[in-house]
Amino acid sequence: MARDTALSSVSAGFVATLVAFTSTIALVFHAARMLGATPEQLSSWVLALGMGMGVGSIGLSLWLRAPVLVTWSTPGAAVIATAATGVSLAEATGAFLVCGLLMWLCGVTRLFERIMDRIPVALASALLAGILARFALQSFSAASTQPLLVITMLLAYLLGKRWIPRYAVLGVLGMGMVVTGLRGQLDTSQLSLALATPEFVMPAFSWHAVIGMGLPLFIVTMASQAVPGISAIRVAGYPAPVSSLMSWSGILTLVFAPFGGYTFNLAAITAAIVLSPHAHPEADRRYMAAVYAGVFYILMALLGGAVAGLLAAFPEAMVISVAGLALLGTIANGLAASLHDVRYREAAIITFLVTLSGVTLLGIGSAFWGLVAGALTLFVEHFRHRTEQADSP
């Protein structure tokens with residue numbers, strides 16, 4: 001492990017952790033509060049989520065020798081918040097356990113793997129590029145409110161790519177911290193060193209919680225995160241044992257759900273950071289970036305009471321810009337792979353554009369609908385060709 005470690009791996013792991021927590025922790029807090037969680041239980045949610053993500057990322061990355069990043073379900077948090085009316089925290093915990101059980105069953109029955117094996121690489125690449133491009137666009141649009149910060153970080157990235165490509169993202173992060181510090185935008189007033197403690201919630205099972213929260217949580221997580229998560233690993237050139245990864249995601253959910261770890265799955269946006277050559281120029285050593293991300297996850301978890309203050313210290317524009325610039329190479333590679341084969345080009349561009357649009361239908365995000373649109377395009381194109389061939393003399 002020591003010989004596979006590089007400073008760029010540590011920085012990529014830190015950036016991935018920073019983005020994972022800052023981008024959606026507020027939504028997670030909102031979901032927990034909607035269920036009536038106390039401040040102690042909120043701290044326990046951070047502890048459980050951070051520990052589950054950390055243990056899962058470290059264990060799976062070391063096992064596969066590939067960058068595998070586990071995260072909480074962001075769309076799942078939105079489902080919980082919207083379905084929380086009339087549902088107690090104990091009933092929600094029971095729904096989380098049902099979701100974890102269904103994820104485990106998808107893994108052991110190999111159902112999800114059979115579906116993933118039918119998705120062409122071109123569509124998977126377009127799907128990933130669309131997801132990441134939505135995030136990267138935010139980094140440039142942030143220039144309208146923070147022009148000096150974003151422009152200096154972009155210059156740091158360009159100079160880093162020219163002279164020290166291995167540490168370009170680390171330079172962006174450093175430049176962002178320098179600029180925000182000089183401008184007095186780092187707010188450290190709420191920082192504390194309070195340690196998190198686990199709060200066990202005895203699960204209760206009710207049909208309305210299972211049907212109204214557990215099943216939607218399962219469907220949204222699998223459609224919006226499992227597919228792009230697997231695609232991210234495969235597009236980067238690593239073998240992805242889909243069934244095993246799904247099974248372990250379900251097991252992590254079952255173990256940590258009573259403490260607030262409502263759902264775990266594979267990351268896509270943050271995974272692209274540790275899967276990128278920025279994390280390490282040698283692909284077979286890049287797994288250490290995910291391992292370090294796991295270490296940072298656990299540190300965040302142990303300081304659950306201080307996480308909110310720590311994350312609030314960084315301006316949102318800085319976090320978004322670091323992530324967006326770190327993803328540029330992966331987006332470019334995804335687009336190149338998706339458009340390379342002319343047979344899949346139209347289906348790939350439709351997949352990319354629908355995913356990029358951010359459309360949400362039936363409570364399911366654009367990643368799922370982008371894949372549906374691309375698959376429908378392929379079906380129509382192939383059906384047309386088969387019909388023409390059948391009619392030809």
Side-chain angles (χ1 to χ4, degrees), residues 74-75 111-141 219-240 242 246 265-273 275-277 323-393:
T74 300
L111 175 62
F112 188 70
E113 183 169 2
R114 288 195 290 269
I115 295 173
M116 287 299 303
D117 286 341
R118 292 182 176 271
I119 300 176
V121 173
L123 262 63
S125 300
L127 173 73
L128 180 62
I131 294 170
L132 301 184
R134 286 188 61 204
F135 202 85
L137 282 173
Q138 298 177 30
S139 66
F140 292 102
S141 63
I219 294 170
V220 168
T221 298
M222 297 297 284
S224 299
Q225 285 199 252
V227 173
I230 292 293
S231 298
I233 298 173
R234 288 184 167 182
V235 169
Y238 295 95
V242 179
M246 287 301 99
N265 212 304
L266 299 176
I269 293 175
T270 49
I273 296 173
L275 287 163
S276 166
L325 293 171
L327 296 172
L328 290 181
T330 305
I331 295 169
N333 291 336
L335 285 173
S338 66
L339 302 176
H340 176 71
D341 193 333
V342 68
R343 295 174 302 168
Y344 300 116
R345 187 167 295 170
E346 191 163 0
I349 197 64
I350 289 175
T351 300
F352 171 76
L353 291 174
V354 174
T355 304
L356 181 63
S357 72
V359 63
T360 299
L361 297 173
L362 304 176
I364 300 176
S366 62
F368 175 78
W369 296 115
L371 195 57
V372 169
L376 179 62
T377 304
L378 278 181
F379 171 76
V380 172
E381 289 182 331
H382 289 176
F383 176 78
R384 183 187 64 200
H385 287 315
R386 284 199 299 268
T387 303
E388 290 173 352
Q389 291 172 0
D391 293 340
S392 60

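Keep in mind the model is a prediction, meaning the values are calculated, not measured.
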- Message: Please list all pairs meeting salt bridge (charged side-chain N to carboxylate O under 4.0 Å, His left out) that have one or both residues in residues 323-341, counting only residues at least two apart or in different chains.
- Response: D341-R343
- Pairs flagged by salt bridge (charged side-chain N to carboxylate O under 4.0 Å, His left out) wherever residues 228-240 is involved - sequence neighbours left out: D117-R234
As an exercise, state the distance from [atom1] of [X] to [atom2] of [Y], rounded to the nearest 0.5 Å.
X	Y	atom1	atom2	result
I331	L356	CD1	CG	9.5 Å
M246	I230	CE	CD1	4.5 Å
L339	E346	CG	CD	11.5 Å

What pairs with [X] under side-chain contact (heavy atoms from CB on, under 4.5 Å), at least two apart in sequence or on another chain?
X	result
S338	S125, A126, L335, A348
A236	Y238, L275
A122	Y344
L328	F140, Y157, L325

What heavy-atom pair brings [X] and [Y] nearest, and what distance separates the two atoms?
X	Y	result
V354	A373	CG2-CB, 3.9 Å
A133	F352	CB-CE1, 4.1 Å
G370	T355	CA-OG1, 3.6 Å

- Message: If the condition is side-chain hydrogen bond (donor to acceptor under 3.5 Å, both in side chains), which residues does R345 pass it with, not counting sequence neighbours?
- Response: none
- Item | Any donor-acceptor pair under 3.5 Å from T351 side chain to A347 backbone | yes
